[in-house]
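First the structure, in the form of structure tokens, and then the observations on it.
Along the sequence shown, residues are numbered consecutively beginning with 1. Since we're looking at a predicted model, the values are computed, not measured.
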Amino acid sequence: MKDEVKRSYSSPLREQAAAQTRLLVRDAGHRLFARDGFAATSMRRIAHEAGVSERTVYTHYRNKVELFQDALNVAIAGDEEPVALRDRPSFAEVLAVPSARELIAELVRRNGVVLERAGALIMAGIESSGADADMRRISDEGERAMRANCLALAEALVGTGEVRPELDAAQVADVLVTMCSPHVHQVLGWPADRYRDWLASTLTASLLRPVREP
């Protein structure tokens, strides 16, 4: 009886401790990958940064690529739920915004939040993709997902009737992919508010019909 009681109370505690340790390891990996790049970051350095043993790191992640992938997924999504951005209710909410200008404002806001969390990590993966097949795969998957998201947003924008007549959904998607990319975000290096204001005004001027004066 005592053993059964002990197991029922200790198992949740062990699971909580394991989850906390995994979080420490993932956050440490995120910091080092973003700061120093994928190639320069070893599992040993991650263990030191997290304050755990290297064996503990391998308990939670089989290798460095798996750790990077998990850190990237969580940074992009903002949580640990294994659901792609385009399959989340929040993405559907953006697509349903009826005004093109309001839709652009909302996508710019959400894109800025994602890039603040994950931009440096995305760039670390891209910069390592030329020499590492796994990082190339991760980067390619990310590019395909971004293009699919931008195409859905472009179709929603065109559907408002406010997009310049010479632009179709594919061309609007090309502009969104380019202007909302982590590359542009990193090169500019601006504070979040300035970046969002610039992106919103640039997309509005580039994609939408001019507002006629009354």
Side-chain angles (χ1 to χ4, degrees), residues 30 33-34 37 72-79 83-130 135-214:
H30 183 146
F33 290 138
L72 179 61
N73 290 345
V74 171
I76 290 174
D79 58 47
V83 181
L85 286 181
R86 65 180 175 273
D87 296 326
R88 291 172 176 247
S90 57
F91 191 77
E93 291 172 3
V94 178
L95 296 180
V97 174
S99 161
R101 282 168 174 76
E102 291 177 3
L103 198 159
I104 285 176
E106 189 60 20
L107 78 85
V108 164
R109 183 186 69 80
R110 297 184 187 226
N111 181 70
V113 170
V114 171
L115 291 181
E116 286 296 316
R117 287 196 308 251
L121 210 55
I122 295 171
M123 290 306 300
I126 292 171
E127 290 164 1
S128 298
S129 63
M135 300 307 287
R136 165 55 62 186
R137 172 184 56 79
I138 291 172
S139 295
D140 287 347
E141 289 172 353
E143 289 181 16
R144 287 194 294 271
M146 182 174 183
R147 177 160 289 279
N149 293 347
C150 286
L151 181 57
L153 292 164
E155 290 170 346
L157 282 169
V158 171
T160 67
E162 299 175 54
V163 170
R164 292 176 179 274
E166 67 270 20
L167 299 175
D168 60 21
Q171 292 169 318
V172 173
D174 287 341
V175 174
L176 293 178
V177 168
T178 302
M179 302 306 294
C180 297
S181 73
H183 306 76
V184 172
H185 179 261
Q186 184 184 65
V187 168
L188 292 175
W190 289 342
D193 289 347
R194 184 181 179 189
Y195 168 75
R196 287 195 298 267
D197 290 345
W198 168 81
L199 184 57
S201 63
T202 301
L203 291 177
T204 298
S206 301
L207 300 176
L208 304 188
R209 300 171 185 263
V211 177
R212 292 182 178 180
E213 296 292 336

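Listed by first and then second residue, the ring-ring contact (aromatic ring centres under 6.0 Å, His included) pairs that reach into residues 149-186 are H185-Y195, sequence neighbours excluded. For residues 91-100, there are no side-chain hydrogen bond (donor to acceptor under 3.5 Å, both in side chains) pairs, not counting sequence neighbours.
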- Item | Steps toward side-chain contact (heavy atoms from CB on, under 4.5 Å) verdict (L107, V97) | CA-CA 10 Å; L107 78 85; V97 174; over 6 Å; no
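A search for salt bridge (Lys or Arg N to Asp or Glu O under 4.0 Å) contacts involving E141 returns R137, not counting sequence neighbours. Listed by chain and number, the residues in a salt bridge (Lys or Arg N to Asp or Glu O under 4.0 Å) with D79 are R88 (sequence neighbours excluded). With sequence neighbours excluded, the residues satisfying salt bridge (Lys or Arg N to Asp or Glu O under 4.0 Å) with E106 are R109, R110. For T202, the side-chain hydrogen bond (donor to acceptor under 3.5 Å, both in side chains) partners two or more places apart in sequence, or in a different chain, are W198. Residues satisfying the side-chain contact (heavy atoms from CB on, under 4.5 Å) test with A105, not counting sequence neighbours, are none. Residues satisfying the side-chain contact (heavy atoms from CB on, under 4.5 Å) test with T178, not counting sequence neighbours, are none. Qualifying salt bridge (Lys or Arg N to Asp or Glu O under 4.0 Å) partners for D168, counting only residues two or more places apart in sequence or in other chains: none. For S129, the side-chain hydrogen bond (donor to acceptor under 3.5 Å, both in side chains) criterion is met by R136, not counting sequence neighbours.
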Considering only distance and modelled atom types, tabulate donor-acceptor pairs under 3.5 Å from the side chains of residues 119-128, sequence neighbours left out.
residue	atom	partner	partner atom	Å
S128	OG	A124	O	3.2

Report all side-chain donor-acceptor pairs from residues 147-155 shorter than 3.5 Å, counting only partners two or more places apart or in another chain.
residue	atom	partner	partner atom	Å
R147	NH1	D174	OD1	3.0
N149	ND2	A145	O	3.4

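A heavy-atom distance below 4.5 Å is found between the side chains of L176 and L207.
Atoms CZ and CG, on R194 and L199 in that order, are 13.5 Å from each other to the nearest 0.5 Å.
Exactly one residue among V114, V175, L203 makes a side-chain contact (heavy atoms from CB on, under 4.5 Å) with C180. That residue is L203.
R164 contributes a side-chain N or O that, together with a main-chain N or O of A205, makes up a donor-acceptor pair within less than 3.5 Å.
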